[in-house]
Colleague: 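The structure that follows is given in the form of structure tokens.
A note on names: the letters A, B, ... follow the listed sequences, proteins ahead of strands, and every chain is numbered from 1.
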Amino acid sequence: MKPSLPKGTRDFGPNEVNKRSFIFSTIKEVFVRYGYQPIETPTMENLSTLTGKYGEEGDKLLFKVLNNGDYLAKANEEALNAKDSVKLISSISKRGLRYDLTVPFARFVVMHQNDIAFPFKRYQIQPVWRADRPQKGRYQEFYQCDVDVVGSNSLTYEAELTQIYDEVFAKLGIEVIIKINNRKILAGIAEVAGIADKMVEMTVAIDKLDKIGLDGVKKEMASRDISDASIETIIEILQIEDLAGLKDKFQSSEMGLKGIEEMEKVFTYFKPADAKNKVKFDITLARGLSYYTGCIFEVAVDTGIESQKDVVMGSIGGGGRYDDLTGIFGMKDMSGVGVSFGAARIFDVMEELNLFPQEDENSLKVLFIAFDDQSHEYAFQCLTKVRAAGINAEIYPDPVKLKKQMKYANARQVPHVILIGDSEMESGNLTLKDMKEGGQEALSLDDIITKLK
RNA sequence: GUGAUUAUAGCUCAGUUGGUUAGAGCGCUGGAUUGUGGUUCCAGAGGUCGCCGGUUCGAACCCGGUUAGUCACCCCA
């Protein structure tokens, strides 16, 4: 049979996995230093935990797991005969694959509330699954790296998460722009424009600003039944770049003023001037997710920097505050704030900018090559010693023709090979060959170990 | 869910208006070279042209259907 992969999934080779774990370990190191702890949740959740949390669209994108055993025996007969898939699901599937890390986190917090010290700071790096049509940079299986704190309203966390973004990207070597806005400011705009009930429609439109431009946003809003007068007001406010200037506009909106106050507070804890990256208030930042209620964040590659001017990539991270994260599971008044790192996109950007370290500590350092059965046995004893000395080493499994063994060494990109035949066994001096330079020298095993260490 | 596009060797892809035996590069195997790889040179293996049907004297090529991938939209990371 011809091997194939399910749509929207991919394999990761050794090289890619090594690079990805470089990103993860860099991120983790920072999370841990800021006091965040790791958790993991199961790949599968009960379908009842997942459905209804991501809107109608989201429900369609959930992967459902078929019940084990004779699942049709218990199927809802009426729905089955009517071919009503939506109605049938609950009788043939009780589990689904994780769609994001936030909802499982909320469930986790509620279930373990008695064992958790609040504020609870956690990070989580796991794959999630979405039954979306795949396209460029978009898959059905992908990793999310989430860092959240739940159980506190303090704006120090908004400041702290901004610092985490700043520090992680500085460590990875990507210069970014960290954009911050506040949902209350967006609510204020909607209020001032007299369309408080259409705030979601407005934010969805504003969110597309860099993609479709100002005129596009106007059209988008018009198509969503927002009046011309309101659009005028909204566009006018969007031109304002500083918080102070907004205050005048928001005299009639308590919500808007509250948003400004929150932003100012965050900036008293975190001074953008101290940041390694650009950090700025961006009134046009909206983010589609409707559950955000306070600050919202988004990170983009700074294409104003000469070395990064050709990078075309959407946001590589985002997040925000949600006032009632756990309410749906019966735990009220639990405010949370968190951000996410787009691992796959960060990977692509680093690849393009050549930011991964050249020296790979996980790679093979030396390969043993023997000429005959006798020297193969001898070489294996040497190999054991080299490995015991902490050097990544391997032996070609059979003493076959030199050419074949050397070709394998090339394919593995191993920097050195050790050749062992009759003369080496007699003298005790092994032939150490530098695969890059092409030269070789006769050295004792101990000298080789010292040299390769 | 809507639309576009692609499917030919292990991989990446050519293949003329429909015409005899479907090609190239890379990779693989063997040799030039029995203890030395990368660069050369020679030879070889490897194909149900996605699948089903139709048109035709004749189909990789035209038509219909189908399956799968990719890309864009909706939405999202």
Colleague: Below 3.5 Å is the cut-off: list the nitrogen or oxygen pairs between protein and nucleotides 5-9 of chain B, distance only.
Modeller:
none

Colleague: Work out how far the C1' atom of B:rC49 is from that of B:rU8, and round it to whole angstrom.
Modeller: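 Taking atom C1' in both B:rC49 and B:rU8, they lie 4 Å apart.
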
Colleague: Base, sugar-phosphate or nothing for A:Tyr408? Non-hydrogen atoms, less than 4.0 Å.
Modeller: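 Nothing: the residue A:Tyr408, judged by heavy atoms under 4.0 Å, touches no strand.
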
Colleague: Taking the six-membered ring for Trp and the single ring otherwise, decide whether the centroids of A:Phe12 and A:Tyr143 are under 6.0 Å apart.
Modeller: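 No, too far apart.
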
Colleague: Which whole number of Å gives the distance between the P atom of B:rC57 and that of B:rU67?
Modeller: 32 Å

Colleague: Using a cut-off of 4.0 Å on non-hydrogen atoms, how would the nucleic acid contact of A:Leu419 be classed: base, sugar-phosphate, or nothing?
Modeller: base

Colleague: Once you apply a heavy-atom cut-off of 4.0 Å, does A:Gly421 come out as touching a base, just sugar-phosphate, or nothing?
Modeller: base

Colleague: Please determine whether any donor N or O and acceptor N or O are separated by less than 3.5 Å between the side chain of A:Arg133 and the base of B:rU2.
Modeller: yes

Colleague: Using nucleotides 42-45 of chain B, report all nitrogen or oxygen pairs with the protein that are shorter than 3.5 Å.
Modeller:
none

Colleague: Work out how far the P atom of B:rU55 is from that of B:rA60, and round it to whole angstrom.
Modeller: 16 Å

Colleague: With P as the reference atom in both, quote the distance from B:rG19 to B:rC13 in angstrom, rounded to an integer.
Modeller: 24 Å

Colleague: Under 4.0 Å between any heavy atoms, over every strand shown, what does A:Arg345 touch: base, sugar-phosphate, or nothing? Just pick one.
Modeller: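 Here A:Arg345 touches the backbone only, sparing every base.
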
Colleague: Can you tell which of B:rG1, B:rU70, B:rC74 lies closest to the side chain of A:Lys7?
Modeller: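 Nearest to the side-chain atoms of A:Lys7, counting from C-beta on, is B:rU70.
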
Colleague: Only counting residues at least two apart or in another chain, list the ones meeting salt bridge (charged side-chain N to carboxylate O under 4.0 Å, His left out) with A:Lys436.
Modeller: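 A:Lys436 satisfies salt bridge (charged side-chain N to carboxylate O under 4.0 Å, His left out) with no residue once adjacent residues are dropped.
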
Colleague: If the cut-off is 4.0 Å, is A:Gln135 near the phosphate of B:rA72, judged by side-chain N/O to OP1 or OP2?
Modeller: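 For B:rA72, OP1 or OP2 has a side-chain N or O of A:Gln135 closer than 4.0 Å.
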
Colleague: Work out how far the P atom of B:rG44 is from that of B:rU39, and round it to whole angstrom.
Modeller: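 That atom pair is separated by 22 Å.
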
Colleague: From B:rC75, B:rA77, B:rG37, pick the nucleotide closest to the side chain of A:Lys433?
Modeller: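 The nucleotide sitting nearest to the side chain is B:rG37.
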
Colleague: Throw together a table of side-chain donor-acceptor distances under 3.5 angstrom for residues 417-425 of chain A, partners on residues two or more places apart or in other chains.
Modeller:
{"from": "A:Glu424", "atom 1": "OE1", "to": "A:Gly421", "atom 2": "N", "distance (Å)": "3.0"}
{"from": "A:Glu424", "atom 1": "OE2", "to": "A:Thr431", "atom 2": "OG1", "distance (Å)": "2.5"}

Colleague: Touch check for A:Gly137, heavy atoms < 4.0 angstrom, all strands: base, sugar-phosphate only, or nothing?
Modeller: base

Colleague: Suppose you measure atom P in B:rU12 against the same atom in B:rA43; what distance do you get, rounded to whole Å?
Modeller: 27 Å

Colleague: Just to be sure I understand: a Watson-Crick pair is purine N1 to pyrimidine N3 plus N6-O4 or O6-N4, both under 3.5 Å. Using that and G-U wobbles, which stems of three or more pairs involve RNA chain B?
Modeller: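 Ordered by first number, the stems with RNA chain B (at least 3 consecutive pairs each) read B:1-7 with B:67-73, B:10-13 with B:23-26, B:28-32 with B:40-44, B:50-54 with B:62-66.
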
Colleague: With a non-hydrogen cut-off below 4.0 angstrom, is A:Asp422 in contact with a base, only sugar-phosphate, or nothing?
Modeller: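 Since a base atom lies under 4.0 Å of A:Asp422, the category is base.
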
Colleague: Expected output is a numbered-order residue list: members of residues 436-444 of chain A with a heavy atom under 4.0 Å from any atom of RNA chain B. What is it?
Modeller: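 Within residues 436-444 of chain A, the residues near RNA chain B are A:Lys436, A:Gly438, A:Gln440.
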
Colleague: Identify whether any heavy atom of A:Ser423 sits under 4.0 Å from a base atom; if not, whether one sits that close to sugar-phosphate; answer base, sugar-phosphate or nothing.
Modeller: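 If one applies the 4.0 Å heavy-atom cut-off, A:Ser423 turns out to touch a base.
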
Colleague: Tell me every residue that passes ring-ring contact (aromatic ring centres under 6.0 Å, His included) with A:Tyr157, counting only those two or more places apart in sequence or in another chain.
Modeller: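 Scan of A:Tyr157 (ring-ring contact (aromatic ring centres under 6.0 Å, His included), adjacent residues dropped) gives none.
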
Colleague: Keeping to residues at least two apart or across chains, list the ring-ring contact (aromatic ring centres under 6.0 Å, His included) pairs with something in residues 202-223 of chain A.
Modeller: none

Colleague: Applying salt bridge (Lys or Arg N to Asp or Glu O under 4.0 Å), which residue pairs with at least one partner in residues 30-44 of chain A are found, sequence neighbours left out?
Modeller: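 Output for this query lists A:Arg33-A:Glu167.
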
Colleague: Is there a side-chain polar atom (N or O) of A:Lys136 under 4.0 Å from OP1 or OP2 of B:rG69?
Modeller: no

Colleague: Listed by chain and number, what are the ring-ring contact (aromatic ring centres under 6.0 Å, His included) partners of A:Tyr99, not counting sequence neighbours?
Modeller: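 A:Tyr99 satisfies ring-ring contact (aromatic ring centres under 6.0 Å, His included) with A:Tyr54 once adjacent residues are dropped.
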
Colleague: Can you give me the N/O atom pairs linking the protein to nucleotides 27-29 of chain B at distances under 3.5 Å, or say none if there are none?
Modeller:
{"from": "B:rU29", "atom 1": "OP1", "to": "A:Lys404", "atom 2": "NZ", "distance (Å)": "2.8"}

Colleague: Say you pick atom P in B:rC62 and the same atom in B:rG18; how far apart are they, in whole Å?
Modeller: 7 Å

Colleague: If I pick the P atom on B:rG27 and the same atom on B:rU40, what distance separates them, to the nearest angstrom?
Modeller: 9 Å

Colleague: Below 3.5 Å, does any donor atom in the side chain of A:Arg138 face an acceptor in the base of B:rC75, or the other way round?
Modeller: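 Present.
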
Colleague: Check side-chain hydrogen bond (donor to acceptor under 3.5 Å, both in side chains) between A:Arg224 and all other residues, then give those that pass, not counting sequence neighbours.
Modeller: A:Glu220

